[in-house]
Amino acid sequence: MSNRRKTKLVNISIQRAMTLRIVTHSILFVWSVFLVCLGMMYMLGPVENSENMEQIRSICLKAIGISSLVILPAIVYDSIKFGHRMVGPIVKFKNLLPRVGLEHVDHVGLRANDYWQDLPAEFNAMLDRVEELRRAAAVNNQHGLAVANEFQAAV
């Protein structure tokens with residue numbers, strides 16, 4: 001049996017956000033290289049011979065290097081922040097799941113900028129159902145003990 005997903009878009013909102021971030025970072029990088037290259041060419045002056053053309057090539061390579069040093073930390077920071085907003089809620093739920101049914105778990109909320117904002121409502125509804133079942137089981141258990149005690153007293 002194949003373990004592959006049949007659809008590529010499993011969560012359109014998150015995949016759209018990731019795609020927009022990658023495209024935005026790429027456009028920012030290209031524009032920053034272009035602007036730095038233009039600025040360096042402006043400082044160099046008009047092109048008169050092949051030696052100047054070599055200088056322009058060198059300038060553009062330097063522009064790519066400078067732009068990379070400026071943009072790369074921003075891309076890394078934003079990617080880490082974005083990943084935290086996406087994965088943080090899942091980790092929160094994953095840490096709570098082993099406790100459900102064994103002990104009382106308070107309702108869960110997420111930060112305003114976190115993804116998966118629909119999960120807390122479903123999770124909290126599940127917690128309420130589990131708590132109702134625990135209470136019902138406790139009542140049934142107490143009732144069962146009372147019946148057992150009455151039966152033993154009668155025998």
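Computation of the quantities below employed the complete heavy-atom set of this structure, encompassing side-chain atoms and omitting hydrogens, waters and symmetry-equivalent molecules. Position 1 is the first residue of the sequence, and the numbers go up from there.
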If two hydrophobic side chains count as joined below 4.5 Å and joins carry through other members, does [X] share a cluster with [Y]?
X	Y	value
Leu69	Leu61	no
Leu96	Leu102	no
Leu28	Val30	no
Leu97	Trp116	yes

request  = Using atom types as modelled and distance alone, determine if a side-chain donor or acceptor of Ser26 lies under 3.5 Å from a backbone N or O of Ile22.
outcome  =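 Looks like yes, one N/O pair under 3.5 Å.
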task = Could you tell me whether a side-chain N or O of Asn124 sits under 3.5 Å from a main-chain N or O of Pro120, the two making a donor and an acceptor?
result =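 Between the backbone of Pro120 and the side chain of Asn124 there is a qualifying donor-acceptor contact (under 3.5 Å).
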task = Name all pairs fulfilling the disulfide bond (SG atoms under 2.5 Å apart) condition that reach into residues 68-97, sequence neighbours left out, sorted by first residue then second.
result =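 Residue pairs passing disulfide bond (SG atoms under 2.5 Å apart), neighbours aside: none found.
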message = Contact between Leu119 and Ile90 at the side-chain level, heavy atoms closer than 4.5 Å - yes or no?
response =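 Side chain of Leu119 against side chain of Ile90, heavy atoms only: contact under 4.5 Å found.
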Could you pull out all donor-acceptor pairs under 3.5 Å where a side-chain atom in residues 128-136 meets a protein atom, sequence neighbours excluded?
{"residue": "Asp128", "atom": "OD1", "partner": "His107", "partner atom": "NE2", "Å": "2.7"}
{"residue": "Arg134", "atom": "NH1", "partner": "Glu103", "partner atom": "O", "Å": "3.2"}

task = Any chance you could measure Arg111, atom CZ, to Lys92, atom NZ, to the nearest 0.5 Å?
result =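 Between atom CZ of Arg111 and atom NZ of Lys92 there are 8.0 Å.
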ask   = Quick one: ring-ring contact (aromatic ring centres under 6.0 Å, His included) partners of Tyr115, sequence neighbours excluded?
value =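 Tyr115 satisfies ring-ring contact (aromatic ring centres under 6.0 Å, His included) with Phe82 once adjacent residues are dropped.
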Asn113 versus Arg85, closest heavy-atom pair with distance =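 So the minimum-distance heavy-atom pair works out to O-NE, 2.5 Å.
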